[in-house]
Amino acid sequence: MKVESVLDLIGNTPMVGIHSISPNKNVKIYLKLEGQNPVGSSKDRVALSMILDAENKGILKPGNTIVEPSSGNTGVGLALVSILKGYKLVVVCAENVTQERKDLLRSFGAKIEFSPGNLGSNGAIARAKELAEQNPDWVMLYQYGNESNPVTHVNATAPEILRDCPEIDVFVAGLGTSGTLMGCSRYFKEHNPDVKIVAVEPPAGESVSGLRSLEDGFVPEIFQADLIDRKFMIKNDESIEVTRCLLSECGLFVGVSTGAIVAGAIKQAQSMEQGTIVAISPDSGWKYLSAGIWANRIEEVIEESKSTNFW
Ligand SMILES: Cc1ncc(COP(=O)(O)O)c(C=O)c1O
C-alpha cells in the first residue's frame with residue numbers, strides 16, 4: 001500500500017478471529033483492530049471527520065484554537081490532524097489519565113487542561129464547556145454532540161465490517177460518546193437489519209477507561225436508545241481479566257475497553273446457538289502499560305529470568 005498523507009491511513013482496519021476464547025464453538029468472534037489507525041484508535045476517524053465537517057461549514061479556519069474534552073484518544077486524533085492543518089489544540093482531560101496519554105498529546109504540541117480526577121470524563125466535559133464560553137474565538141467540536149462522530153462510522157467503520165464479514169449476526173461495541181454504536185447501528189439497520197446491536201458499559205459509579213455508564217447522569221446528545229438491542233454491564237476487574245486473556249490466549253495487545261467489549265461478546269456468545277459476532281477493539285495496549293495491567297506477568301518474567309537457565 002502507498003499513500004500520500006498519514007491521514008489516508010485512517011480507517012480500513014483489519015479484523016482478526018478470536019474464536020479460541022468463544023465459550024461456544026458454534027459462535028465465531030472477530031475483533032476489529034482500531035488500534036491500527038495512525039495514532040492508535042477509532043477516534044482518528046472521528047477527529048478527521050469532525051475537523052473536515054467544521055472546515056466545510058466555515059466554523060474552523062487555519063490558526064484557530066480547538067478545545068475538546070477527551071480521555072485521550074480523541075485528543076490525540078485531533079492533535080494529529082491539527083499538526084498537519086495548522087490548528088492549536090487544548091485537550092481537557094481528567095488529571096488521573098495515564099502518563100503515556102499526556103506525553104503523546106504533548107508530543108503532538110497539544111496543550112492539556114486538567115479537570116478533577118474524581119469527576120471523570122463528566123468533569124472534563126464541564127471544564128471544556130467553561131473554557132469554550134470564556135474564549136468565544138475557540139472552537140469546540142464536541143464529540144458527544146457532533147453528528148460527524150456517528151457519521152464517520154456510518155460511512156466507513158460499518159461498511160468495512162459488512163465488506164469483510166458479510167456473515168455478521170451481532171455487533172458489539174463499548175459506549176463512550178456512543179458514536180461507534182450509533183453510527184454502525186444506523187448503517188446495519190439500513191443495509192442488514194438482522195444484525196443485533198449490543199452495547200457494553202460499566203455499572204454506575206464504576207470506571208472503565210474510555211467507557212461510561214449512562215446512569216452516571218450524562219447522556220451524550222448523539223445517543224439514541226432505540227438503536228441498541230441489548231446491553232451488558234461489565235466491571236473494571238472483568239475488563240482487565242479479559243484484556244490479559246486476549247494477550248495470553250490470542251497474542252493481542254489491546255486496551256482495557258477492548259477487554260470489556262470482548263467480555264460482553266463472550267456473554268452474548270453464551271446466549272446464542274450459533275453465528276458470528278464482530279466486536280470493536282477501540283485501541284491497543286500501549287497507553288495502559290503504566291496503569292499496571294500486565295504488571296503481574298512482567299514481575300513473574302523478571303523473577304523467572306533471574307535463574308541461570310531462563311526457562
Ligand atoms: C478506549 C476507548 N474505548 C471505547 C470508546 C467508546 O467509543 P465511542 O465514543 O464511539 O462510544 C472510547 C471513546 O472515547 C475510547 O477512548
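Ligands are counted one by one from 1 in listed order, and the atoms in each one are counted from 1 as well.
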W294-Y288 aromatic ring centre distance below 6.0 Å: no
Ring geometry between Y187 and H191 (parallel below 30°, tilted from 30 to 60°, perpendicular above 60°): parallel
CD/Q274: more than 12 non-hydrogen atoms of other groups inside 6.0 Å: no
Exceeds 12 heavy-atom contacts within 6.0 angstrom, atom NZ of K235: no
Note every protein N or O atom lying under 3.5 Å from an N or O atom of ligand 1, pairing the names and giving the distance.
| residue | atom | partner | partner atom | Å |
| --- | --- | --- | --- | --- |
| ligand 1 | 3 (N) | S257 | OG | 2.7 |
| ligand 1 | 9 (O) | K43 | NZ | 2.6 |
| ligand 1 | 9 (O) | T177 | N | 2.8 |
| ligand 1 | 9 (O) | T177 | OG1 | 2.6 |
| ligand 1 | 10 (O) | T180 | N | 2.9 |
| ligand 1 | 10 (O) | T180 | OG1 | 2.5 |
| ligand 1 | 11 (O) | G176 | N | 2.7 |
| ligand 1 | 11 (O) | T177 | N | 3.2 |
| ligand 1 | 11 (O) | S178 | N | 2.8 |
| ligand 1 | 16 (O) | N73 | ND2 | 3.0 |

By salt bridge (charged side-chain N to carboxylate O under 4.0 Å, His left out) - contacts of K189 (at least two apart): D229
Backbone N/O of Q143 and side chain of N149: donor-acceptor pair under 3.5 Å: yes
